[in-house]
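Here's the structure, in structure tokens; my notes come after.
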Amino acid sequence: MKLSLNFALAALAFPLALSTQVAVAQVAEPEARQDLGALKQAAEQFLRTQASGLPGEVKVTVGSIDPRMKLPACATPEAFFPPSSKAWGKTTVGIRCSVPSPWTIYVSAKVQVHGDYMVAAVPLAQGQNITQADIAKVKGDLTAMPAGIITDASQAIGRTVANSIRLGSPLRQDALRNQQAIQQGQAVRVIVNGAGFSVSSEARALNNANEGQLTQVRTTTGQVISGIAKLGGIVELTY
């Protein structure tokens, strides 16, 4: 009778132990989740690196990442620019992971660049040549300015106003043109600069040219040469 009771107890214990082992086996290790704060920092660092050469004080603001997003942990998340995005104004940064589980997310961001730019200190008329007194330097967010904004006075002084510009308006590259330096048929002085020497001679311009443009002239010997037009009827060649 005692033997039968022990056998019965052992028979009951076996399935209980087996079920316990199965239950333990079914409790898997929880999957590590990606720290979303680290992704936000990666996006900010990426934008600061991309904007390091911009002219001015850079301020980077990265948008929030949805806290409900459950991403597998990534050892080396990589930030990148989607097509047409750049470190300027409102932008988007992509962050992707290759291993152990591939995923990609996109984060909104804003890059502001506070720096100097030039505005009209007086109303500027079409055809007017710009002098130092005609312009003023102000500071602001360059990313909020029109494309081609002029950030240095040297980019404007000596150029001609293409269309009238109102007082206080930002100066843009496409709103100015270089002053005409050479007229066709004009007698010009050709200056040839080289290592340790400079030679000048007389010639006649074969075409009109603004300052800084390539122009052709005919020398007194009949030779046609090309050089850079300068104000004052000068054509420069460098060897």
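Tracing side-chain contacts under 4.5 Å through hydrophobic residues (I, L, V, M, F, W, Y), one reaches Leu142 starting from Leu54; they form part of the same cluster. Hydrophobic clustering (ILVMFWY, side-chain heavy atoms < 4.5 Å, transitive): Leu206 and Val192 are in distinct clusters. Tracing side-chain contacts under 4.5 Å through hydrophobic residues (I, L, V, M, F, W, Y), one reaches Val62 starting from Leu36; they form part of the same cluster. Hydrophobic clustering, with ILVMFWY side chains joined whenever heavy atoms are under 4.5 angstrom apart, groups Ile95 together with Leu71. Criterion: ILVMFWY side-chain heavy atoms under 4.5 Å apart, direct or through other members. Under it, Ile149 and Ile130 are not part of a common hydrophobic cluster.
For the atom pair CG (Leu171) and CD (Gln155), the distance works out to 10.0 Å, reported to the nearest 0.5 Å. Remark: Ser226 OG to Gln216 CD distance equals 4.0 Å, nearest 0.5 Å. Between the NZ atom of Lys110 and the NZ atom of Lys59 there is a distance of 8.5 Å, given to the nearest 0.5 Å. Distance OG/Ser154 to CZ/Arg159: 10.5 Å, rounded to 0.5 Å. How far CD1 of Ile165 is from CZ of Arg172: 7.5 Å, rounded to the nearest 0.5 Å. We find the CD-CG distance between Gln183 and Asn208 to be 6.5 Å, quoted to the nearest 0.5 Å.
Using a 4.0 Å cut-off between charged side-chain N and carboxylate O, Glu44 and Lys40 make no salt bridge.
Nearest heavy-atom pair across Val99 and Cys74 is O-SG, 3.8 Å. Closest heavy-atom contact between Val93 and Ala79: CG1-CB, 4.1 Å. Nearest heavy-atom pair across Phe81 and Lys86 is CZ-C, 3.5 Å. Taking all atoms of both residues into account, the shortest heavy-atom contact from Ala133 to Ala121 is O-CB, 3.9 Å. Annotation for Lys139 and Tyr117: closest pair C-CE2, 4.0 Å, computed over non-hydrogen atoms. A pairwise comparison of heavy atoms in Ile135 and Ala153 identifies CD1-CB, 3.8 Å as the closest pair.
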- [ ] Any chance you could lay out the side chain to side chain contact (heavy atoms under 4.5 Å, CB included) test for Leu47 and Thr91, step after step, and finish with the verdict?
- [x] CA-CA 10 Å; Leu47 287 172; Thr91 188; 4.3 Å; yes
Task: Residue pair Gln223, Arg218: steps toward the side chain to side chain contact (heavy atoms under 4.5 Å, CB included) verdict - done: CA-CA 5 Å; Gln223 183 182 7; Arg218 189 185 301 277; over 6 Å; no
TODO: Dump the intermediate steps for side chain to side chain contact (heavy atoms under 4.5 Å, CB included) on Val122 and Asp134, then the final yes or no.
DONE: CA-CA 6 Å; Val122 296; Asp134 297 325; 3.7 Å; yes
Open item on the list: Run Asn178 and Gln213 through side chain to side chain contact (heavy atoms under 4.5 Å, CB included) and show every step you take.
Closed with: CA-CA 9 Å; Asn178 289 336; Gln213 287 185 326; 5.6 Å; no
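Between Leu237 and Ile225, the closest side-chain pair of non-hydrogen atoms falls below 4.5 Å. Two residues are said to be in side-chain contact when any heavy atoms from C-beta on lie closer than 4.5 Å; Arg204 and Gln186 fail this criterion. Taking 4.5 Å as the limit, some side-chain heavy atom of Ile228 sits within range of a side-chain heavy atom of Leu214.
Considering only residues two or more places apart in sequence or on other chains, Ser201 meets the side chain to side chain contact (heavy atoms under 4.5 Å, CB included) condition with Val190.
No close placement of the Phe80 and Phe46 rings is indicated, their centers lying 6.0 Å or farther apart.
Of the residues Thr160, Leu124, Val161, the one that meets the side chain to side chain contact (heavy atoms under 4.5 Å, CB included) test with Asn129 is Thr160. Met118 pairs with exactly one of Asp152, Ile150, Ile157 by the side chain to side chain contact (heavy atoms under 4.5 Å, CB included) rule, that one being Ile150.
A donor and an acceptor atom, one from each side chain of Ser198 and Asn193, are located under 3.5 Å apart.
Other residues, nucleotides and ligands contribute over 12 non-hydrogen atoms within 6.0 Å of the CD atom of Gln173.
Proximity of a side-chain donor or acceptor of Asn207 to a complementary backbone N or O of Thr215 within less than 3.5 Å is not detected.
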